[in-house]
Amino acid sequence: MDAIDTPRIQAFRREVRDFVAGQLPEAIKQRTRQGFHVSKEDMRDWTAILHRQGWSAPHWPTAYGGTDWSPLQRMVFDIELALGWAPAPSPFGLHLIGPVIYTFGTEQQKQRYLPGILDGSQFWCQGYSEPNAGSDLASLRTSARRHGDRYIVNGQKIWTSQAQYADMIFCLVRTDGSGSKQSGISMLLIDMNTPGVTVRPIITQDMSHYVNEVFFEDVEVPADNLIGEENAGWRYAKFLLENERTASAYLPQAKQDMNRLREMIGALEGEHGPLSEDPVLDSQCAELELELAAHEMTIYRILTDNARSPSAAAASMIKIRGARLQQRLSSLWNEVLGVHALPLFTPGADSSYGEPGAAGAMSQFLIRRAVSIYGGTNEIQHSIIAKRGLHL
Amino acid sequence: MTVRSMDNGMPGRAELRLGLGEDELQFKASVERLLARDYGVERRRVALANGGFDPDFWQQLAELGWLGACFPEPLGGYGQSANEALILLEQFGRALVLEPLLGAVLVPGAALLAGGRADAHGALIDGLIAGERRLALAWSEQGRRGARRPRLTSAVRDQRGWCVNGVKQTVLNAPLADTLLVSAIAGEDSVLLLVPHDAPGVSLIEYTTIDGQPAADLRFTNVVLPDDALAAGPERCERAMDAAMNWGAAGACAEALGAMDAALELTLEYTGTRQQFGQKLSGFQVIQHRLAAMATELEYSQALLPLLAAHLDGNGADRSAQIAGIRARIVGSARCVVADAVQLHGGIGVTDEAAISHYFRRVTALEQAWGSARQNLERYRQGRQGYDPLRLQ
Ligand SMILES: Cc1cc2nc3c(=O)[nH]c(=O)nc-3n(C[C@H](O)[C@H](O)[C@H](O)COP(=O)(O)OP(=O)(O)OC[C@H]3O[C@@H](n4cnc5c(N)ncnc54)[C@H](O)[C@@H]3O)c2cc1C
């Protein structure tokens, strides 16, 4: 039986904690602590540091540069990194396309792409959603037509996170329009520097640039860049989604959020003395602590008890609740700050105003309306639970 | 709003009128008409780009006489009851008007009136009503949430008058104000002082808020003011602050009501057009139920508006607590409605370009602007007398 607090795991926890304390550059730590979107440079530099330790992709098989840690250990690792204010590496290579490449890719694709993902030097983005294919992803229309040894790609992607940083994009494209919607989709790896690829920023309500539109106009892509078989892209996309069931539960994030909350409360006073002594606020915190505890225990149970919970349903449950926790925690930051929650801050801008700690927190609060939307909306997740978990 | 004496025998609130009168309905219609005609998305966008303020629009408000809404007739305003201002603000909330009727006029105006020295500041009040002057209430301080008693700003009285030192943080619409109404600690007591924006020793760090309004952090360094800068002395200061915050709370309710109404409308429109899985989003029962719940929330919030007006116009000992309670309830509902509205828009809902995100941001700001939602609930809990806000017997 697994336990989370065995001496072995405790020792591992300490090892990771010491590593972060010793290796995370102070400047990066301070920027992460502030809370804005992590910059490309910080993601790159921190991934490189992890890579030198052999820890940049713990969830990968050792043959590809990963570790042999148990799922529980990997979660402990992620939590310790977050609590030490390490920036989250870009997920698109390490968590999304990397596993697809080592599972379904050709030898050449593995050699070409995995090293750059592992050491943090290459950035990827995910080209799935389109203006008319959001929740209904399978109705995507970006087309790839085969011409000899290449594909010609035309169409548009939207909401592409970090496209402005990316060297490569992995795209779902339509290679066959005849059969069912799902059956004519392929997965292509496209170099962002190919002529005909255009990236246009979308500004979100936190007034920052994280997502983009990506346009493809007669973009030539070597046929070697196809993942697996033509028209089997939906299968790889599903693999990718289900590969790490607990990744979108954002447990490390929620624990970090809780620390941020405690710090804020510690720094402020209210009408009748220190906020830390405010019973109303404390009862709100207490509620969230218990919700977080339930979230955390659910995740540990899923990680160690594969047989029991229907897997897709469990992943959806913790995605929904993880999103709700992130939204509730950040709403409470608001409440703690009161009127000081109002100034708009943008990263890098003059921060000579406002309450210390408010800047990135409010930016996070605003962008977190998206956590119940991206990666499958709450509504879609509920449908998955109903269908796959309850067989309705 | 002036504190009137009660003559209808009702304990602590004015008559509970369930609808609007003929005049009020006409007024509401004319406000709606004007905003629909003159306050479009484009004008707002330009104002946003220009620091969140359109001087021509402000002048128009003055010419229409709308800036006098919180001032009683003897002082040159046209305030009959709280309703005019609430009507106006509800429509402002609907149209997402940036210009700070609440922050620059109603809230500080209420403090001026309750400070007991309104007569001494007649010219200022005239200027406010005429659109020539604007105030900002500078009360919030660094490291302090919702604390109304000043600590980090002090005022010392000497033979020259007053000398002010200290800091204020997150002062809404301060960059637009020619005069700052500043709370300061004077010995054991608190006072409210009128500080010209350009007085020597006043400095501002300006920025915008998440909902596009100008704001600033302020510093006062040996700012010397004449005796008659006093807006509320020690014996009236708390009352003046209460009056201001009551108006802030009530105004936030009215704006939030308008905002949630508009957010529901936008969401109905969007989900009725956007298609996924071969049908309109509003064809999915899950979406229909969510929209139905939002509409119910709106209905329940609108129903509280007359009660809010009755408490605003009243003079009950627990008036502030009652207003705070209603605010907690309405703004809490608005928060849920705009969050759902964003959710039902999907990705587009979190973009700067989408109107719905501006409603979300506005309601988020309203939630915290004049005392946060929870704090208001707490104020109600502690200050209420009896357990029935309606008080019908
Ligand atoms: C910040 C951010 C980052 C993103 N990053 C990426 C990225 O890197 N790559 C990428 O490909 N995509 C990305 N996305 C896109 C994201 O996955 C989509 O926004 C999401 O799938 C929803 O699609 P949509 O926005 O078109 O909303 P829609 O599908 O139009 O949904 C609108 C609303 O209708 C509801 N709805 C839709 N269908 C149903 C139904 N059948 N039953 C009940 N309710 C329904 C939804 O739940 C939602 O509330 C990102 C989005 C955001 C906001």
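Computed from a predicted model, the values in this text were never measured in an experiment.
- With chain A as partner, the option from R335(B), Q343(B), R381(B), E367(B) having the largest number of non-hydrogen pairs under 4.5 angstrom is Q343(B).
- The aromatic rings of F170(A) and Y128(A) lie perpendicular to each other, with more than 60° between the two planes, well past the 30° mark.
- Heavy atoms closer than 4.5 Å to chain B are found in the backbone of A133(A), but not in its side chain.
- T209(B) contributes no side-chain N or O that, together with a main-chain N or O of P343(A), makes up a donor-acceptor pair within less than 3.5 Å.
- Looking at P274(A), there are no atoms closer than 4.5 Å to chain B (heavy atoms on both sides), in backbone or side chain.
- By the 4.5 Å heavy-atom criterion applied to side chains, V41(B) and R45(B) are counted as neighbours.
- Enclosure of atom CZ in R321(A) is not indicated, since only 12 or fewer non-hydrogen atoms of other residues, nucleotides or ligands lie within 6.0 angstrom.
- The contact between L268(A) and chain B is made by backbone and side chain atoms together, counting heavy-atom distances below 4.5 Å.
- With a 4.5 angstrom heavy-atom cutoff, S135(A) touches chain B via backbone and side-chain atoms both.
- Proximity to chain A (any heavy atom under 4.5 Å) is shown, for F277(B), by both the backbone and the side chain.
- Of the residues considered (T364(B), V342(B), V286(B)), T364(B) shows the highest number of contacts with chain A, using heavy-atom pairs under 4.5 Å.
- Contacts with chain A were tallied for R148(B), R374(B), R290(B); R374(B) has the most, counting heavy-atom pairs under 4.5 Å.
- Looking only at heavy-atom pairs under 4.5 Å with chain A, the residue among Q375(B), R149(B), E353(B) that has the most is Q375(B).
- Only the side chain of R379(B) comes within less than 4.5 Å of a heavy atom in chain A; its backbone stays farther off.
- The neighbour count for Q382(B) CD, taken as heavy atoms of other residues, nucleotides or ligands under 6.0 Å away, is above 12.
- Top candidate by heavy-atom pairs under 4.5 Å with chain B, chosen from K181(A), Q205(A), R369(A), is Q205(A).
- Residue D206(A) does not touch chain B at all, counting heavy-atom pairs closer than 4.5 Å.
- Ion pairing of R362(B) with D211(B) is present here, as a side-chain N (NZ or NE/NH1/NH2) and a carboxylate O approach within less than 4.0 Å.
- Between the side chain of H358(B) and the backbone N or O of D352(B), at least one donor-acceptor pair lies under 3.5 Å.
- Annotation: maximal heavy-atom pairing with chain B below 4.5 Å, among N378(A), N132(A), I202(A), occurs at N132(A).
- Residues of residues 323-342 of chain A lying under 4.5 angstrom from chain B, judged on non-hydrogen atoms, are S331(A), N334(A), E335(A), V336(A), L337(A), G338(A), V339(A), H340(A), A341(A), L342(A) in numerical order.
- Using a distance-only test at 3.5 Å, with no hydrogens or angles considered, no donor-acceptor pair links the side chain of Q164(A) to the main chain of V199(A).
- For the pair N212(A) (side chain) and V214(A) (backbone), a donor-acceptor distance under 3.5 Å is absent.
- Between chain A and the residues G146(B), A373(B), G347(B), the largest count of heavy-atom pairs under 4.5 Å involves G347(B).
- Aromatic ring centres of F345(A) and Y353(A): separated by under 6.0 Å.
- If you measure heavy-atom distances from A267(A) to chain B, the contacts under 4.5 Å come from the backbone alone.
- Remark: R145(B) does not engage E355(A) in a salt bridge, criterion side-chain N to carboxylate O under 4.0 Å.
- Between the side chain of R274(B) and the backbone N or O of T271(B) there is no donor-acceptor pair closer than 3.5 Å.
- The side chain to side chain donor-acceptor pair (under 3.5 Å) search around S316(A) returns Q381(A), not counting sequence neighbours.
- Contact of A215(B) with chain A is not made at all, since no heavy-atom distance falls under 4.5 Å.
- Q142(B) touches chain A through backbone and side chain together, each having a heavy atom under 4.5 Å away.
- A distance-only check finds no donor-acceptor pair linking the side chain of K168(B) to the backbone of A216(B) [under 3.5 Å].
- Across D217(B), I348(B), I210(B), T208(B), the residue that shares the most heavy-atom pairs under 4.5 angstrom with chain A is I210(B).
- Residue Y374(A) does not touch chain B at all, counting heavy-atom pairs closer than 4.5 Å.
- Within a 6.0 Å radius of CD in E238(B), no more than 12 heavy atoms belonging to other residues, nucleotides or ligands are found.
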